[in-house]
There are 2 protein chains.
Amino acid sequence: MHIRHTKLLNIVNNKKRVAVTDLAQVLDVSEVTIRKDLSTLEHMGLLRREHGYAAMAQSDDIANHLSFNYEIKHKIAMRAAATVHNGETIMIESGSCCTLLAEELTMNRRDVTIITNSAFIAAFVRKAPGAHIILLGGEYQNESQVMVGPMIKKCVSDFYVDKLFVGIDGFNQNGFMSNNLMRAEAIRTMAENAKHAIILTESVKFTQTGVVSLFPLSAVDSVFTDDGIPADAAQIMHSKDTHVYTISTAEEK
Amino acid sequence: MHIRHTKLLNIVNNKKRVAVTDLAQVLDVSEVTIRKDLSTLEHMGLLRREHGYAAMAQSDDIANHLSFNYEIKHKIAMRAAATVHNGETIMIESGSCCTLLAEELTMNRRDVTIITNSAFIAAFVRKAPGAHIILLGGEYQNESQVMVGPMIKKCVSDFYVDKLFVGIDGFNQNGFMSNNLMRAEAIRTMAENAKHAIILTESVKFTQTGVVSLFPLSAVDSVFTDDGIPADAAQIMHSKDTHVYTISTAEEK
DNA sequence: AGAAAATATTTTCAAATGAAAAAGAAAAGA
DNA sequence: TCTTTTCTTTTTCATTTGAAAATATTTTCT
């Protein structure tokens, strides 16, 4: 991803709606270049175009939108993808990093089967050549497009996998947190049928606290995040034998 | 829906991609009017706009695309919707008419719960105020966005409803047909837990034959279609006590 | 380092765009 | 029937758009 694309996304995400003229001026390139960038980014689903403007891709969960810190999320996803081998079956719950993980696995791996309760992820990767998805049933949450409720348990009981990848909404000294009771319940149910629970998240989540408890520290095998993670949070996890993989956020070039 | 919109959709669907200029000329209105129409229709998801052109909304199953015969499909859906009362829980399988039925029920009814194996329908109606969806789990078919396979049975066994609405791909004297073995199997599984199986389909399907058998005539309670249905097909169904509701395709005005 | 190739960016331009105001047509009320 | 209101369509215009060609920059190879 071009460095200008990153800047452009930041501007659009902050202002929500920016004139093409302004973008060209601020980024000091011609409008034509901006337009080509906008085409690319719109195609990736990271923003919307309007006549004369670029607008933030409307998201149902603004705070978790893919285009916020896209590059970091992508790096985290790529690092986690390296732990999955061809032919493996894994579970994924929703979240930006997890979505990008699913994309990578379906685009560039062979015969990876993804079991998920996220209809969003299923739709996101369905055009990819290697997309093989098993969608868990349940009550459909209209905003998140995730399935929750008792049906999840029924569906997931057929499977046992090595790895479950999940996102989080917050963290405190007792463990990992979520913002939604039903989803937290669904994730724990999925975790019962997976050997390792693995967390993928931007480091900001470690400075926030969620609304409901998701996992105690001991339940999580490893964490993939970026190097913005507070030292004390990393320390707490280390002390409980949770592996922490931090990705460098340094901008290349 | 404006009559010009219908004509416009037909042109776009036939040619796949038409210049705005050409549309204005053929329909004999100004380009501005065409542009307003295109905005409306794009917003409804019935076509895509490109710079200078209107293009067919890309569909995974071209033959079943929503924008083909939209008006007829909509009328069929509205007629079927009249049989569903507030507070009812129903099952829907995929199909254009069924999608529009789901839209109507979530937009203009109160407390209707829809059980479906179509992630497409779930996503299509999720913004509607009354959308309450239970999505059945299973193997995710990338093109149709429908879940199939043994997990359907597990999921659906929790429910028993009065009505199951389904679409079909074809018909012969032995009964109703589908184009996909797995989906046909899923539909029959759903039908086991519904009192009445109800078919929603454009009449053209009665002149086509599917690839796999879906239901014998006796398994279907009623059929909602348009008045283009061949007399002999209607006759066969009548003889088996299947109600046939035909909607007039006459263009108003 | 220097040449060749591949990428990225800008210039240029005719065509397409959306907004606003004006004109026309249809529906409703007296 | 005439008037008012509302909805639809057209006219007008300054701005935005994408395509192509020209130029600049970076990368790759020798």
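Per chain, numbering begins at 1; letters A, B, ... match sequence-line order. Only heavy atoms go into these numbers, but all of them, side chains included; no hydrogens, no water, no symmetry mates.
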What integer distance in Å separates [X]:[atom1] from [N]:[atom2]?
| X | N | atom1 | atom2 | value |
| --- | --- | --- | --- | --- |
| B:Gln25 | D:dT9 | CD | P | 18 Å |
| A:Arg35 | C:dA16 | CZ | P | 16 Å |
| B:Leu23 | D:dT9 | CG | P | 15 Å |
| A:Asp22 | D:dT16 | CG | P | 10 Å |

A:Asp227 (side chain) donor-acceptor with A:Thr249 (main chain) under 3.5 angstrom = yes
B:Lys73 side-chain N/O to B:Thr99 backbone N/O, donor-acceptor pair under 3.5 Å | no
CG of A:Asn14: more than 12 outside heavy atoms within 6.0 angstrom?
-> yes
What nitrogen or oxygen pairs link the protein and nucleotides 5-12 of chain C at under 3.5 Å?
from   : atom 1 : to      : atom 2 : distance (Å)
C:dT9  : OP1    : A:Arg4  : NH1    : 2.6
C:dT9  : OP2    : A:Arg4  : NH2    : 2.9
C:dT10 : OP2    : A:Ser30 : N      : 2.7
C:dT10 : OP2    : A:Ser30 : OG     : 3.0
C:dT10 : OP2    : A:Thr33 : OG1    : 2.6

Under a 4.0 Å threshold between the charged nitrogen and the carboxylate oxygen, would [Y] count as salt-bridged to [X]?
| X | Y | result |
| --- | --- | --- |
| B:Glu50 | B:Arg17 | yes |
| A:Glu31 | A:Arg35 | yes |
| B:Asp37 | B:Arg4 | yes |

Hey, can you pull the residues of residues 44-52 of chain A with a non-hydrogen atom under 4.0 angstrom from DNA chain C?
-> A:His51
Is the closest side-chain heavy-atom distance between A:Leu38 and A:Leu8 below 4.5 Å?
-> yes
Qualifying salt bridge (charged side-chain N to carboxylate O under 4.0 Å, His left out) pairs, either residue in residues 81-96 of chain B, two or more places apart | B:Glu88-B:Lys163, B:Glu93-B:Arg183
